[in-house]
Amino acid sequence: MTIILTAILILLSLALVFGVILGFAAVRFKVEGDPIVDQIDQLLPQTQCGQCGYPGCKPYAEAISNGDAINKCPPGGQSTIEALATLLDREVVPLDAEHGEEKPKTVAYIREDECIGCTKCIQACPVDAILGAAKQMHTVIVSECTGCDLCVEPCPVDCIDMIPVPVTPNNWKWPAPVSDPNLILTDRGRGHLLQEGSK
Amino acid sequence: MALIHLSSPHVSKANATNRVMRLVLIATLPALLALTLFFGWGSLIQLLLASTTALLFEAICLHLRKRPVLFFLRDGSALVTAVLIALAIPPFAPWWIVVIGTFTAIVIAKHLYGGLGNNPFNPAMVAYALLLISFPMEMTQWNAPFVLLGDHWSVLASFKDSLIIIFTSMNQTLIDAYTGATPLEVLKHRSGMTTEEVWRNNPVLNQGVFAWYGISAAWLMGGVFLIYRKVFTWHAPFSMLVTLFLLSSLFYAGDPSNFADPFVHLGVGATMMCAFFIATDPVSGATSNKGKVIFGIGVGALVYIIRTWGSYPDAVAFAILLMNLTAPFIDHYTQPRSYGHERANRGTGGRS
Amino acid sequence: MTRIYSFHGGIHPPDNKRQSLGAPIKQAPLPSRLILPLQQHIGKSATPIVEVGDRVLKGQKIADATGFISAALHAPSSGTVTYIGLQPAPHASGLESPCIVIEADGLDEWISKKAIADFRSIQKKALLDHIRESGVAGLGGAGFPTDIKLNLGKDHIINTLIINAAECEPYITADDALMRERPDEILKGVEIIAHLLEPSKILIGIEDNKPNAIKALRDYIREYQLPIEVVVVPTLYPSGGEKQLIQLLTSIEVPSGSIPADVGIVCQNVGTAAAIYRAVELGEPMISRIVTLTGFALGHRQNYDVLMGTPFSVLLEAAEVDRDKMFRLVMGGPMMGISIEDDRIPVIKTTNCIIAATQEEMPPAPPAQPCIRCGMCEQVCPASLLPQQLYWFAKGREFDKARHHNLFDCIECGACAYVCPSNIPLVQHYRFAKSEIRNEEAEQQKSIQARERFEARQARLAREVAEKEQRRKERAEAAAKEQARKKLEQDQTTHATPNAEAELKKLKTAASVARTKLKKAREALKNAEDKDLDGIEKLQATVAQLEEKAGEAERAWQDASGAKQ
């Protein structure tokens, strides 16, 4: 009987001691990082497209930090989900199709002949990337356009196209070397997924 | 005109992995020759048996892992592992010893870890350590070299009788007749005698030790050949041998009656084989030149420590496995200083 | 005698140089079409200053340098501009890029050349401008605009000028041929560079496999009053890499992320030196260069003097290509060149060699085997990197770690891939990782920019709303004030005039009411007295009372009206 009691006592006191040490370490060595919202905001693609249902990336970041799902960002795609999952230590989940699907990067292009100069798209653009004034044709600052689609809907004459960003020698990327598919049959599925995730 | 589009460089040195492995195999030939000369046909038979089984296990594993079997069999890495196991175990160990050895090496130590290039431990040494711990009797039954055997040599000198010894369970008396302790065992279990007395009283040392020296010389030859052919660099073997030599000299100088002299440490046991054929295994060793030196020093020191104070007479397998464990850590801290940088980087960077 | 140092690693690939040195430099044929990519150099692409249909003369500038790091472009021969737009151009991607296409008229008519008779007599600024206007860019490989390298300003003091004559890549002999046949041009160019940079010593680094070139240069050096020395270095690839050559000749390492000028060194290729000479003393802009045509699919392997913009196909025909045997077409050397799929692409400023290789010569790489960490790559890496680690990180997309292992110090020389026993395409792995990292950074940059713009917009919208609100408030306030003011005014008038009058009226009414009551009461009393009814006393009292009241009211009204007057 006493043996059991002693054992329990010893274990309890050990637990206490270690608990104190751990608690002390947690306080003493606490790492002050960026506020989590900013860290999440850093990972989001900043298209400000609102496809997640929030009026911009920052509000979505706030929502995520308050427990919202991490798979509502189609422009960021799977890689953003993975980065968020790593940051927040959450499960990697596929993109929520409700909010749209991952598409190649695009920029808005205004067919200037058809533009009537209504300024509706200018008001819709979240990053002020459309230039123009009332009754003047508008044009897109390509380098600033995030490809968010938000200007397409308001246009009364449907003169805005979302065109994929063209590949030129300047933004061309070296592809990853592909290993002989016959060489590693089992890895093919996984490698394929990796490739997909990277886009 | 179908022109192919590829990244530079557009030429490469004819330097395939299988060529490297072939060179390693060639380099083991002197040792095989010496073993056969001094200890009989056993090693050759073990080698053939090990090679067949290793290739078989490799083929089965590749098939199960859905890899093209022939393409990978040709790289020769399984063959090298098999040869090293065969030459490390006692020449007349029963056949199942070598089969278990190759199974452990190829299936467990290599393919379960992801195949060639991904194994953290040297497969041959994993197999050797497992055999040594599991079957200490069989693994310590080295036959005495021919100089000590007299009449019994005729048995071992006959290829047919050698086959019988390895493949059939034979009577214990025959075994007792040809086996003898290895020099390291003799020196270890000296029962209170000083080193000098052991040398004087034991024929294994005063007559037979030259057989072991001969084998070590053969391994050394192979090793130097490989360094000459640039298969590996001098860093790991040299630092291991130097460490072992310095440590044993130090203790021998301090107390010659209780410690073995440095030449015994270098010349007997698996020292030379380990230095040139095991410690240089790139897959499980350290990467950079500095890392290789540290790896070699670690192996040398551990070999001496385990030999002198441990309970096993030889220590190569354990020393290598322990150092294999530290290899990633060594790599972490021994990145070379890159061109244009004042200091070398440490660690791996990024979120680990 | 300058001491020679060494760099880490290096390899000895078969040099295959002799094939193309059998004959002297030959003039390549004038093609009917010249295709001139606007981007032949590092930096911003040039801006065309001609239009379709314009006739241009040989040496006429057709595109201007854009921004600081850029190079101008000149018509290599006389003819008509027929097209400005996308054309296949030499680039690893195989993509098309903007070009100016000139239909040559075959007259090869020169524009009047603007030569500088004595470069020492004019200002350095003018000399640099002249070199910039001549479109000179590094001929060694990267194509860095030369005027930038020579225009270092006051903050860099150059003590060593290194002329890169190593030409370490196999097959290429363009620089070798130039040194053999035109050493005077090179040395005159060196003189101009030395005039601009004023170095204390000039070293010409050359590999020991070019004895004829070494002799030619040494013979000519005696004629120059310059501290030039020809330093012969052992043949070891990649000794011609800028950083490696600097280390070989001076033992100095260019710090990571810096340029050689930061450590007082400038490196120029021999071809560039000759081009500077031609631009300055002959007034010929950079419109031609020496190109090695080699490879076993060619009938004639030799060096050609080629106009920029000449399509590869024209050169291949001139060298009697056997198209059935041609398996790979490489621009540049076998170690660092780019493979070409379309032989219509033109020669540009950085085209030093064209290799038409047979299958036996450059066989397809066998499938890659697993890395066994043999470390051969590490032994040969001239940047002292750990290629095998970089490979793991690139393959596993652990780009942070790859950066930490100095991925960006990799010069992509290909030595690691050359020796790899497992035939792993290491360089491509590194290129892939580098472009992924660059892309990630660009996206990061873009997203930061987008966030800033978004926040600025939000702030602006908030400000606009706030301003509107403010204005609304101000307007409301102003209206309220106005109201209050009006009310106050009204109040004041009713208090002073209308109120007093009302009071007076009230008093008057009260007085008249009192009089009427009195009158009625008197009539009632009179009636009662007449008829002698009961309660005459009572009536008399009432009348007396009313008389009093009427009198009071009359007085009050009189007083009030009197006061008002």
Side-chain angles (χ1 to χ4, degrees), chain B residues 1-21 68 71-72 74-75 77 114-119 230-233 235 280-289 291-292 327 331 334-342 344-352, chain C residues 8 13 92 94 170 243 247 253-256 258 323 326-330 334-341 343 357 362 364-367 369-375 378-379 382-386 388-389 398 400-401 403-406 409 412 414 417-423 425 427-428 431:
Chain B
M1 183 174 53
L3 293 171
I4 53 171
H5 186 90
L6 286 163
S7 170
S8 64
H10 305 284
V11 289
S12 71
K13 198 173 172 181
N15 189 27
T17 304
N18 56 15
R19 193 191 73 103
V20 174
M21 296 295 177
F71 178 79
F72 277 103
R74 273 202 303 264
D75 68 30
S77 63
L116 181 64
N118 294 312
N119 46 304
K230 292 191 175 153
V231 170
F232 48 73
T233 60
H235 300 83
T280 53
D281 172 25
V283 178
S284 54
T287 294
S288 63
N289 288 345
K292 284 174 192 159
D331 282 347
T334 53
Q335 284 180 46
R337 184 187 66 85
S338 304
Y339 180 101
H341 289 261
E342 280 188 20
N345 285 335
R346 292 279 177 271
T348 47
R351 253 200 289 258
S352 56
Chain C
H8 181 265
K243 291 176 169 181
Q247 198 178 7
E253 288 183 18
V254 182
S256 178
S258 309
R323 285 183 188 271
M326 184 163 75
F327 177 70
R328 260 200 234 204
L329 187 57
V330 174
M335 300 302 296
M336 291 183 75
I338 57 177
S339 72
I340 301 296
E341 284 168 282
D343 70 358
M362 292 188 188
Q369 285 168 284
C371 169
I372 54 167
R373 292 159 50 91
C374 66
E378 188 200 335
Q379 306 300 329
S384 304
L385 302 172
L386 286 175
Q388 72 276 48
Q389 300 293 93
E398 294 176 291
D400 286 353
K401 292 183 184 174
R403 286 195 86 152
H404 185 78
H405 280 68
N406 303 327
D409 288 305
E412 299 177 15
Y418 178 79
V419 297
C420 181
S422 296
N423 301 305
V427 177
Q428 198 183 344
R431 284 178 171 154

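Here is the naming used below: chain letters follow the sequence lines, and residue numbers restart at 1 for every chain.
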Checklist entry - Between B/Arg337 and C/Ser384, is a side chain to side chain contact (heavy atoms under 4.5 Å, CB included) present by the stated rule, with each step listed? => result CA-CA 7 Å; B/Arg337 184 187 66 85; C/Ser384 304; over 6 Å; no

Checklist entry - Side chains of C/Pro370 and B/Asn118: does their closest heavy-atom pair fall under 4.5 Å? => result no

Checklist entry - Should C/Ser339 and B/His10 count as side-chain neighbours, where that means a heavy-atom distance under 4.5 Å? => result yes

Next on the checklist: According to side-chain contact (heavy atoms from CB on, under 4.5 Å), who are the partners of C/Glu412, at least two apart in sequence or on a separate chain?
Outcome noted: C/Cys410, C/Val427, C/Arg431, C/Lys434

Item to check | All side-chain contact (heavy atoms from CB on, under 4.5 Å) counterparts of C/Ala357, not counting sequence neighbours | outcome: C/Arg328, C/Ile355, C/Glu361, C/Met362

Checklist entry - Based on non-hydrogen pairs under 4.5 Å, which of C/Cys374, C/Pro366, C/Gly375 is most in contact with chain B? => result C/Cys374

Checklist entry - Picking from C/Met336, C/Met335, C/Arg403, which has the most non-hydrogen pairs under 4.5 angstrom with chain B? => result C/Met335

Check each atom of [X] against the heavy atoms of chain B and say whether the ones under 4.5 Å are side chain, backbone, both or neither.
{"X": "C/Val330", "result": "side chain"}
{"X": "C/Pro255", "result": "both"}
{"X": "C/Pro425", "result": "neither"}

Closest non-hydrogen atom pair, [X] against [Y]:
{"X": "B/His341", "Y": "C/Glu253", "result": "N-OE1, 4.3 Å"}
{"X": "C/Glu378", "Y": "B/Asn289", "result": "OE2-N, 3.4 Å"}
{"X": "B/Asp75", "Y": "C/Gln369", "result": "CB-NE2, 3.5 Å"}
{"X": "C/Leu385", "Y": "B/Pro336", "result": "O-CG, 4.5 Å"}
{"X": "B/Val283", "Y": "C/Ile372", "result": "CG2-O, 3.3 Å"}

Next on the checklist: Using only atom types and a distance under 3.5 Å, with no angle test, would you say the side chain of C/Arg373 pairs donor to acceptor with the backbone of B/Gly285?
Outcome noted: yes

Next on the checklist: Using only atom types and a distance under 3.5 Å, with no angle test, would you say the side chain of B/Tyr339 pairs donor to acceptor with the backbone of C/Gln247?
Outcome noted: no

Checklist entry - Can you check side chain to side chain contact (heavy atoms under 4.5 Å, CB included) on C/Gln379 and B/Lys230, steps first, answer last? => result CA-CA 10 Å; C/Gln379 306 300 329; B/Lys230 292 191 175 153; over 6 Å; no

Checklist entry - Roughly how far apart are C/Ser422 OG and B/Asn18 CG, rounded to 0.5 Å? => result 10.0 Å

Checklist outcome for this item: The interface call for B/Thr233 against chain C, heavy-atom contacts under 4.5 Å, is side chain

Next on the checklist: For chain C, which candidate among B/Thr287, B/Val231, B/Leu116 shows the most heavy-atom pairs at distances under 4.5 Å?
Outcome noted: B/Thr287

